[in-house]
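Have a look at the structure below before the remarks.
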Amino acid sequence: MSQKYPIKVAASRSGLTTHLIRIWERRYGAVNPSRTKTNRRLYSDDDIHRLVLLRQATAAGMSIGQIANQSNEELQEIIDANRGVLARGSVNGSTGGARMNAASADQHRARCLDAVLELDSSALENALLAASVELGQITLFEDVLTPLFEQIGQMWADGELKVSHEHMASAVVRSFLGGILSSTRAPQAGPSIVVTTPAGHSHEVGALMVAITAMAQGWRALYLGPDIPPEDVAGA
């Protein structure tokens with residue numbers, strides 16, 4: 001009998017959150033774990049391997065709705081052959097593309113902004129997870145997060161938001177992106193890139209998105225965090 005693991009172990013080994021695994025299972029049937037008599041999920045090594053493949057394919061730009069029913073072999077082909085193309089958001093035609101329509105991205109961005117206005121960090125995290133599941137990573141970055149922070153910045157400048165709103169949004173998004181970065185395995189070979197922000201610049205959301213996108217395209221990204229003096233960047 002093969003070893004079975006609870007969802008926390010599956011999350012740790014796959015690089016996904018338990019919340020995202022449940023969404024992928026419930027909405028898309030991406031995996032089908034066994035259950036205990038008390039209805040607790042138990043994941044096999046094969047289940048976890050599939051979750052890893054799904055994470056890597058979505059990191060390359062595919063939405064989970066496009067790939068949830070693909071075989072492991074098909075997922076591996078997507079990862080091996082199309083990672084760079086998918087990460088640039090240029091796949092279209094029979095695959096349906098990595099980008100959803102603009103209206104859908106606008107809806108997700110509106111939910112994120114509502115959570116910021118309410119200072120509801122849990123709602124913002126859930127909105128980010130939902131957007132990531134439906135849209136894929138690249139559309140999340142380009143059509144949700146980037147314009148969201150532009151909008152937050154403008155609303156702050158106009159006096160419609162307080163510093164507390166911007167700080168909460170930055171903290172939640174930074175944590176969300178940090179989780180993606182830490183769960184993305186760097187390739188064994190490929191070009192290297194150092195990612196940071198200059199000294200005096202503490203906002204790191206953009207830098208995190210660069211590091212994650214670079215790794216999705218096959219770069220070995222070294223992320224240093226924000227506010228690094230130039231001599232230390234050069235040393236790295």
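Here the closest heavy-atom approach between residue Cys112 and residue Ala127 is recorded as SG-CB, 3.8 Å. For the residue pair Leu119 and Ser164, the shortest heavy atom distance occurs at CD2-O, 3.8 Å. The two residues Gly218 and Pro191 have their closest heavy-atom pair at O-CD, 4.1 Å. Nearest heavy-atom pair, Gly225 versus Glu204, reported as atom, atom and distance to 0.1 Å: CA-OE1, 4.2 Å. In terms of heavy atoms, Ala211 sits closest to Leu181 at CB-CD1, 4.0 Å. Scanning all heavy atoms of the two residues, the minimum distance from Leu51 to Ala10 falls at CD1-CB, 4.5 Å.
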Would you check, one step at a time, whether the test side chain to side chain contact (heavy atoms under 4.5 Å, CB included) holds for Arg111 with Asn126? CA-CA 10 Å; Arg111 294 188 189 102; Asn126 289 335; over 6 Å; no

Output, in order, the C-alpha distance, side-chain angles, deciding distance and verdict of side-chain hydrogen bond (donor to acceptor under 3.5 Å, both in side chains) for Tyr5 and Asp45. CA-CA 8 Å; Tyr5 309 92; Asp45 288 316; 3.1 Å; yes

Kindly determine whether Leu224 and Val195 satisfy side chain to side chain contact (heavy atoms under 4.5 Å, CB included), including the steps that lead there. CA-CA 6 Å; Leu224 302 181; Val195 183; over 6 Å; no

Ser170 and Glu166: side-chain hydrogen bond (donor to acceptor under 3.5 Å, both in side chains), yes or no, with the steps? CA-CA 6 Å; Ser170 295; Glu166 189 275 333; 2.8 Å; yes

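Both Leu129 and Leu16 belong to a common hydrophobic cluster when Ile, Leu, Val, Met, Phe, Trp and Tyr are linked at side-chain heavy-atom distances under 4.5 angstrom. Note on Tyr43 and Tyr28: same hydrophobic cluster, where clusters join Ile, Leu, Val, Met, Phe, Trp and Tyr whose side-chain heavy atoms are under 4.5 Å apart, directly or indirectly. Cluster annotation: Leu117 is connected to Leu124 through the hydrophobic network of ILVMFWY side chains, with a link wherever side-chain heavy atoms come within less than 4.5 Å. The hydrophobic clustering, which links ILVMFWY residues whose side-chain heavy atoms are closer than 4.5 Å, places Ile228 and Leu222 together. Using a 4.5 Å cut-off between side-chain heavy atoms of Ile, Leu, Val, Met, Phe, Trp and Tyr, with links allowed through other members, Tyr223 and Val233 fall into different hydrophobic clusters.
Looking at Arg50, its side chain never comes within 3.5 Å of a backbone N or O of Val31 through a donor-acceptor pair. Checking side-chain atoms of His108 against main-chain N and O of Ala105 turns up no donor-acceptor pair under 3.5 Å. Remark: side-chain polar atoms of Asp227 are not paired, donor with acceptor, to backbone N or O of Ser202 under 3.5 angstrom. Here the side chain of Thr213 pairs a donor or acceptor atom with the backbone of Met209 at under 3.5 angstrom. Between the side chain of Glu74 and the backbone N or O of Ser71 there is at least one donor-acceptor pair closer than 3.5 Å. The main-chain N or O of Val52 is never found under 3.5 Å from a side-chain atom of Ser14 such that the two would form a donor-acceptor pair. Between the side chain of Thr139 and the backbone N or O of Asp143 there is no donor-acceptor pair closer than 3.5 Å. Between the side chain of Ser132 and the backbone N or O of Leu128 there is no donor-acceptor pair closer than 3.5 Å.
Between His165 atom NE2 and Glu118 atom CD the span is 8.0 Å, to the nearest 0.5 Å. Remark: Leu208 CG to His203 NE2 distance equals 13.0 Å, nearest 0.5 Å. Here the CZ atom belonging to Arg41 is positioned 10.5 Å from the CG atom belonging to Asn32, to the nearest 0.5 angstrom. Rounded to the nearest 0.5 angstrom, Asp120 CG and Glu125 CD are separated by 10.5 Å. To the nearest 0.5 Å, the span separating OG on Ser192 from CZ on Arg220 amounts to 4.5 Å. Rounding to the nearest 0.5 Å gives a distance of 9.0 Å between CH2 of Trp156 and NE2 of His167.
Using a 4.5 Å heavy-atom threshold, the side chains of Arg22 and Ile7 count as touching. The shortest distance between side-chain heavy atoms of Leu113 and Met155 falls below 4.5 Å. Between Pro6 and Arg40 the shortest side-chain heavy-atom distance falls below 4.5 Å. The shortest side-chain heavy-atom distance between Leu20 and Arg55 does not fall under the 4.5 Å cut-off. Looking at heavy atoms from C-beta onward, Thr196 lies out of side-chain contact with Pro226 at the 4.5 angstrom threshold. A heavy-atom distance below 4.5 Å is found between the side chains of Leu177 and Val205. Annotation: side chain of Ile212 is in contact with side chain of Phe141 (closest heavy-atom distance under 4.5 Å). Looking at Arg27 and Ile23, their side chains come closer than 4.5 Å, going by heavy atoms from C-beta outward.
Between Arg109 and Asp106 a salt bridge is recorded (basic side-chain N to carboxylate O distance below 4.0 Å). In this structure, Arg35 pairs ionically with Glu25, as a charged nitrogen and a carboxylate oxygen lie closer than 4.0 Å. No salt bridge links Asp47 with Lys4; every basic N to acidic carboxylate O contact stays at or beyond 4.0 Å.
Heavy-atom neighbours of Asp232 CG from other residues, nucleotides or ligands within 6.0 Å: above the threshold of 12.
Defined by atom type and a distance below 3.5 Å, a donor-acceptor pair is missing between the side-chain atoms of Gln76 and Asn72.
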